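This one's a predicted model, so the numbers in the text were calculated from it and none came from an experiment. Residue numbers count from 1 along this sequence.
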Amino acid sequence: MTVSRITAPFLSDPDLARVLGALEGAGHQALVVGGAVRNALLGVPVSDIDIATSALPRDTMRIVARAGLRAVPTGIDHGTVTVLCKGRGFEVTTFRRDVQTDGRHAVVAFSDDLAEDARRRDFTMNALYATRTGEVLDPVGGLPDLAARRLRFVGDPAQRIAEDYLRILRFYRFLACYGREADARALAACRELRAGLSGISRERIGHEMRKLLSAADPAPAVALMAEAGVLPLILPGADPGDLPDLVQVEREYGTGALPTFPRRLALLGPADPVPALRLSRDEGRALDQIAQALALPPALAAHRFGRTVAAQSVLIRAARGQAPAFGWCHDIARGAAAVFPLAAADLMPALQGEALGDALRAARQAWTDSDFTLDRDTLLCIARGNESQPDA
């Protein structure tokens, strides 16, 4: 077993130490596991801290309660107890092994063997454990893989995928977020077993795709998905050809304030992404607005849909080879701030009903065609059917 050591802020977290200490004090192993250890070794932020233990779930609940902590049996059949300390939750899961799987769910048996627990995990870089003092335990060779940014399944890739077919998408997502090198056996297994994704819920697929497309540079991973036939299976009609150019455009123009997922998904242009990924109503509306904005000048797009949508459309067009005109940021700001000078009350009571609506539409069209420059008096003349300029 390879041993290393980490230094990370969570190692000095008194709440975490209290949970680990309670379990260790009762004679059990208690270790930080998975993403927290991986991210600490990579020097990237740690969000969630999960704990693996040799204690059985009921023993975990009893031990932490005796230590003055609250335990909630959030997934006790699968060995998981959420331990609350000062309002914070730590998921504590008993070492386990899979007894039976169906591609989505697993029946597990509890274990007191750390190596057995590691062998059931998905990727070697996720099968890393750390003690309270930062000693890293590596039962399956994850440290060399992590150092090389090599994404590799634990054990047989086909077996890991058959246990949960969503691991195919997790493979590409982890490759985008943490990897540089994809294991050849893993790529072959993803290709061969991709049909299993048809049994995975669209919500779970959408959750993975949001994370994948939000990676700093998802283009290489998405290209591999396309080559393997995975991308057309989950997003029919998606074309990743311009995605590398979009990532480059994002770096050149700086897009930190803009949401990443809708822009990149809009660039892929899948046939019907809302049901395919079970997108929310707001996400679907954003995609529809970006699609409409792509056909408009930046100022008009900003006026109709707001600054964010207009900027997204400019970046997508740039990725497709349409360089934005000088001053496009100013155009977007100007369009977003433009206010149509007329209201229905300005034309009433002379105009009513359908005639009123037609007059306002004609005036608004003239106003937008003028790049928002026509004044109120000119627009009143147009709305009333007199397109001549008013007297000076």
- Message: I'd like to check the salt bridge (charged side-chain N to carboxylate O under 4.0 Å, His left out) partners of Glu208; sequence neighbours left out, ordered by chain and number.
- Response: Arg173
- Query: Considering residues at least two apart in sequence or located in another chain, which fulfil the ring pair (Phe, Tyr, Trp, His ring centres under 6.0 Å) criterion with His28?
  - Reply: none
- Partners passing ring pair (Phe, Tyr, Trp, His ring centres under 6.0 Å) against Tyr253 (at least two apart in sequence or in another chain): Trp328
- salt bridge (charged side-chain N to carboxylate O under 4.0 Å, His left out) against Asp358, all qualifying residues, sequence neighbours excluded: Arg361
- Pro297 meets the side chain to side chain contact (heavy atoms under 4.5 Å, CB included) criterion, sequence neighbours left out, with Leu300
- Sequence neighbours excluded, the answer for ring pair (Phe, Tyr, Trp, His ring centres under 6.0 Å) partners of Phe305 is none
- For Gln322, what residues pass the side chain to side chain contact (heavy atoms under 4.5 Å, CB included) criterion, not counting sequence neighbours? Arg317
Between side-chain atoms of residues 212-220 and protein atoms elsewhere (two or more places apart, or another chain), which donor-acceptor pairs fall under 3.5 Å?
unit_1	atom_1	unit_2	atom_2	d
Ser214	OG	Arg210	O	2.7
Asp217	OD1	Ala219	N	3.1

- Query: By side chain to side chain contact (heavy atoms under 4.5 Å, CB included), which residues pair with Arg376, not counting sequence neighbours?
  - Reply: Pro341, Leu342, Asp346, Leu380
- Item | Pairs satisfying salt bridge (Lys or Arg N to Asp or Glu O under 4.0 Å), at least one member in residues 285-300, at least two apart | Asp282-Arg285
Distance-only criterion, 3.5 Å: show the donor-acceptor pairs between side-chain atoms of residues 121-129 and protein atoms not counting sequence neighbours.
unit_1	atom_1	unit_2	atom_2	d
Arg121	NE	Asp117	OD2	3.2
Arg121	NE	Tyr129	OH	3.1
Arg121	NH2	Asp117	OD2	3.1
Asp122	OD1	Asn126	ND2	3.2
Asp122	OD2	Arg170	NE	3.1
Asp122	OD2	Arg170	NH2	2.6
Thr124	OG1	Asp145	OD2	2.7
Asn126	OD1	Arg38	NH1	2.6
Tyr129	OH	Asp117	OD2	2.6
Tyr129	OH	Ala118	N	3.2

- Determine which pairs satisfy side-chain hydrogen bond (donor to acceptor under 3.5 Å, both in side chains) with at least one residue from residues 220-246, sequence neighbours left out, and list them in order. none
